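Being a predicted model, the structure only gives us computed values, none of them experimental. Worth knowing before you read on, the calculation uses all heavy atoms, side chains too, and leaves out hydrogens, waters and symmetry mates.
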Amino acid sequence: MRIHSKHDYSWLVRPLLWLQKRHYGEVLNPAKLWGRKPALFWLVAGFFGYLDRKSSPIPDVIRSLVCVRTSQLNHCAFCVDANGMKLAERCDSVEKIKQLSDWQNSQLFTDRECAVLSYTEAMTITGQRVSEEMLTTLHQWFDDDALIELTALIAFQNLSAKFNTALDVPEQGFCSLPIQPEQQTTRTTPPPHDDN
């Protein structure tokens, strides 16, 4: 990492660092950096915790697909690793996970997933833009409040991935599936797929 972790963290962040170590077996690398600024640390943790809650209007598999695809596009090794582990826990198709970086050419993704991934790429890839057509398509499955949450999740994952990439936060070996970052794609309209 380009900025080193501290030897002693504020009492304000120690409980969350302890919980991470208990859950993952070690403190997450980004937490070692965010933990240097306790207010930012809790804001970031709270923001993501809210977006990834069980009662989210966005299905858990779709939340994970969004996080991994955004991570791939930003070439964030840590994010692909950590989010890939979560996707592997949530998704019942290893082949779908392996094909995520080339989802446009896969028949494994539903219409809803393709619409969300297209929206994710439009928000993430420099030079692309979200279109009214994308939002109209997404409204088939999500109301306005759910679209706010989906947009916030994509924006948050971009923030997280860009933070980690800029500071060279390494992966921690959580996900063993081959879902490393790929080159950006320029395709903006997905092929038709059956919705499950």
Q | All pairs passing ring pair (Phe, Tyr, Trp, His ring centres under 6.0 Å) where residues 3-24 contributes a residue, at least two apart | A | Y24-F174

Q | For the student: nearest non-hydrogen atoms of M85 and C175, plus distance | A | N-CB, 3.6 Å

Q: Begin with the C-alpha distance, continue with both residues' side-chain angles, and end with the deciding distance and a verdict on salt bridge (charged side-chain N to carboxylate O under 4.0 Å, His left out) for E149 and R53.
A: CA-CA 11 Å; E149 288 207 28; R53 70 196 185 284; 2.8 Å; yes

Q. How would you list, by chain and number, every residue that makes a ring pair (Phe, Tyr, Trp, His ring centres under 6.0 Å) with F163, sequence neighbours excluded?
A. W34

**Q.** Side chains of S106 and Q99, donor plus acceptor under 3.5 Å
**A.** yes

Q) Between R90 and S64, does any side-chain donor sit less than 3.5 Å from a side-chain acceptor? A) yes

(Q) Taking the side chain as everything from C-beta on, heavy atoms only, tell me whether D60 gets closer than 4.5 Å to K54. (A) no

Q. Within a radius of less than 6.0 Å around CD of Q140, do more than 12 heavy atoms belonging to other residues, nucleotides or ligands occur?
A. yes

Q: Evaluate the side chain to side chain contact (heavy atoms under 4.5 Å, CB included) criterion for residues S101 and R69: first the C-alpha distance (whole Å), next the side-chain angles of each, then the deciding distance (0.1 Å), finally the verdict.
A: CA-CA 7 Å; S101 64; R69 187 63 187 134; 3.9 Å; yes

Q | Close side-chain approach of T151 and V130, heavy atoms under 4.5 Å | A | no

Q. Is the backbone of N29 close enough, under 3.5 Å, to the side chain of Q172 for a donor and an acceptor to pair up by distance?
A. yes

Q. Are side-chain heavy atoms of I97 and V68 found at a separation under 4.5 Å?
A. no

Q) What is the minimum heavy-atom distance between D81 and G173, and which atoms define it? A) OD2-N, 2.8 Å

Q. Any side-chain heavy atom of R63 within less than 4.5 Å of one from L51?
A. no

Q) Is a side-chain N or O of T120 found less than 3.5 angstrom from the main chain of V116, in a donor-acceptor match? A) yes

Q: Indicate whether any N or O donor in one side chain lies under 3.5 Å from an N or O acceptor in the other, for T165 and N74.
A: no

Q) Just how far is it from atom CD1 of I62 to atom SG of C67, taken to the nearest 0.5 Å? A) 12.0 Å

Q: Check whether the side chains of N158 and T124 place a donor and an acceptor atom closer than 3.5 Å, and report yes or no.
A: yes

**Q.** Spatial distance of atom NZ (K96) from atom CH2 (W103) [nearest 0.5 Å]
**A.** 12.5 Å

(Q) Which residues pass the ring pair (Phe, Tyr, Trp, His ring centres under 6.0 Å) test with F48, not counting sequence neighbours? (A) F156

Q.
Using side-chain heavy atoms (C-beta onward) and a distance below 4.5 Å, is T137 in contact with Y119?
A. no

Q) Does the R36 side chain pair with the main chain of L33, one donor and one acceptor, at a distance under 3.5 Å? A) no

Q.
So, taking the atom named OG in S56 and the one named CG in L153, what distance separates them when rounded to the nearest 0.5 Å?
A. 7.5 Å

Q: In sequence, state the C-alpha distance, the side-chain angles, and the governing distance for K37 and V13, and then conclude on side chain to side chain contact (heavy atoms under 4.5 Å, CB included).
A: CA-CA 9 Å; K37 302 297 293 180; V13 299; over 6 Å; no

Q: Looking only at non-hydrogen atoms, find the nearest pair between I58 and A146 and report the distance.
A: CD1-O, 3.4 Å

Q. Can you find a pair of side-chain heavy atoms, one from V80 and one from E171, that are under 4.5 Å apart?
A. no

(Q) Distance check, rounded to the nearest 0.5 Å: M134 atom CE versus Q128 atom CD? (A) 6.5 Å

Q. How close do A31 and L17 get, heavy atom to heavy atom, and via which atoms?
A. CB-CD2, 3.8 Å

**Q.** Contact summary for C114 and F109, nearest pair of heavy atoms
**A.** SG-CB, 3.8 Å

**Q.** Close side-chain approach of P15 and L19, heavy atoms under 4.5 Å
**A.** no

Q: Work out which heavy atom in S71 is nearest to a heavy atom in N83; give both atom names and the distance.
A: OG-ND2, 3.1 Å

